[in-house]
Number of protein chains: 2
Amino acid sequence: MGRACPPCSFGKPPMSLAHVILGLLQHQERTGYDLKTECFDDGMSHLWPADQAQIYRTLDKLESQGSITCTVEIQHDRPNRKVYRITQAGEAELTHWLQTHHPLPVLREPLLVQLYFAAQLPNEAIVYLLEQELEARQEKLAQCETIEALSLSHPTASREQELHQLVLDLVKQREQTYLDCLEQAIRAVHRLSDRNNP
Amino acid sequence: MGRACPPCSFGKPPMSLAHVILGLLQHQERTGYDLKTECFDDGMSHLWPADQAQIYRTLDKLESQGSITCTVEIQHDRPNRKVYRITQAGEAELTHWLQTHHPLPVLREPLLVQLYFAAQLPNEAIVYLLEQELEARQEKLAQCETIEALSLSHPTASREQELHQLVLDLVKQREQTYLDCLEQAIRAVHRLSDRNNP
DNA sequence: ATCCTATATATGACTAATCATATAGTAGCA
DNA sequence: TGCTACTATATGATTAGTCATATATAGGAT
């Protein structure tokens, strides 16, 4: 049943974090620590936040499936580093994944559920909820603006950097839309009939 | 340490599905099967899709924590039904949750990752990827429109229905924004420098 | 002398969610 | 007669992700 595919993972589920890591390693060899501090805590944070534990475990998985290799750099003043590099198999895997359409991620927003069941709350309580969300969203947009500053300081706009900028713009636009929606929702709740209130 | 709180779950993590179920049961008593077929497969699908197995396990948890009770209705032509009702403790829990601000859900979009690492692909391949996503998003928006039809057929706009309509509008607007962003991204990729191409 | 931070990897425990499968009776259809 | 669909609940296995904690060393601050 199905085609045999021992050393690669085609046909298997998404494993998106694995492919993010492949994408990062393709650009430059790195350790798990590098990935965490230089990538996932920084430019990747708005795109694909990742936990340290999950990064290390994914590196193990990628190595055991042959998509990356590892060499240990012995350090005497500090703990040894395990430096990972992408293999040819890993590059093929990445290229394939980059061209494959993946199912839309499911977005579950607690706020919308709250709004859905909010009939028992007075309008002010609902507005308060929306305002708290608005604040959190504003903070998040502000974080995105920070990333932009770093990106713009690089004047040479390579194809790669153009794409990074495009992604960042899309994320920022997404966040801005959330803000617009929330403000609109607040106005809508103000217009809500207040009958049947507790 | 911390305040003791034996029979309730205040202070614990989100458990959002549990609260969605509480919200649904507050309106009307239901079985797990009812919840799945009448709620989560229907009007709730765009808001909080839920797996059958998870629904049943969450019902168990809610019952054991005292937020809902269960009575078995014996049926002879069909399997027995376990009918769940919300308790006072459950209502208190729900009311509290409804008024609490919850952390923003993290959205990880494989497409944006693909775009981020797409420099090695020719522009046409990137556009193709975006067009596939566009198609999937159009389908999803079409599903949302279907739900609206059901909602509008109810002419009496109670406070509850107004809120349901508001939520649906927000979801639809979110989807429409995705479509706009994708079209914009496609135009941007067409303008992308094609240097450094494979 | 003590504490904190940075560097670096690893493991255990847990939640949320998904998928597959089991059980079991009725009813309709071909 | 067998096949499928509907009603109804339950469990096992697995993935993705999070949180906490362990280990170990160097260097700077208090």
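Quick note: numbers below take in every heavy atom, side chains included, and nothing from hydrogens, waters or symmetry partners. Chain letters run A, B, ... following the sequence lines, proteins first and then strands; every chain starts at 1.
- We find that CD of B:Gln75 is positioned 12 Å from P of C:dA27, with the value rounded to whole Å.
- The phosphate of D:dA8 (OP1 or OP2) has a side-chain N or O of B:Arg81 nearer than 4.0 angstrom.
- Computed from C1' positions of five pairs at each end, the angle between the two local axes of the helix from C:dA1-D:dT30 to C:dA30-D:dT1 equals 0°, rounded to 10 degrees.
- As judged by a 4.0 angstrom heavy-atom cut-off over every strand, B:Lys36 is placed among residues making no nucleic acid contact.
- Atom CD in B:Gln173 sits 4.0 Å away from atom CD in A:Gln184 (nearest 0.5 Å).
- In this structure, A:Lys82 does not reach the C:dT7 phosphate: none of its side-chain N or O atoms is under 4.0 Å from OP1 or OP2.
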When you compare the protein's N or O atoms with those of nucleotides 11-14 of chain C, which come within less than 3.5 Å of each other, and at what distance?
from   : atom 1 : to      : atom 2 : distance (Å)
C:dG12 : N7     : A:Arg57 : NH1    : 3.3
C:dG12 : O6     : A:Arg57 : NH2    : 2.3
C:dA13 : N6     : A:Arg57 : NH2    : 3.3

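- Residues A:Cys144 and A:Val171 share a closest heavy-atom pair of SG-CG1, 3.9 Å.
- Looking at heavy-atom distances under 4.0 Å, B:Thr31 makes contact with sugar-phosphate atoms alone, never a base.
- Of the two residues contacting DNA chain D, namely B:Gly32 and A:Ser16, the nearest-nucleotide position lying further toward the 5' end is that of B:Gly32.
- With rounding to whole Å, B:Tyr33 atom OH is found 17 Å from C:dG25 atom P.
- Here A:Lys82 does not pair with A:Glu73 in a salt bridge; the nearest charged N to carboxylate O distance is not below 4.0 Å.
- An OP1 or OP2 oxygen of D:dA16 is reached within less than 4.0 angstrom by no side-chain nitrogen or oxygen of A:Gln54.
- Here the closest heavy-atom approach between residue A:Leu179 and residue A:Leu141 is recorded as CD1-CD2, 3.5 Å.
- Distance, B:Leu62 CG to D:dT9 C1': 16 Å, rounded to whole Å.
- In plain terms, the two heavy atoms of B:Trp97 and A:Gln114 that are nearest each other are O-NE2, 2.9 Å.
- A donor-acceptor pair shorter than 3.5 Å can be found between the side chains of B:Asp34 and B:Thr31.
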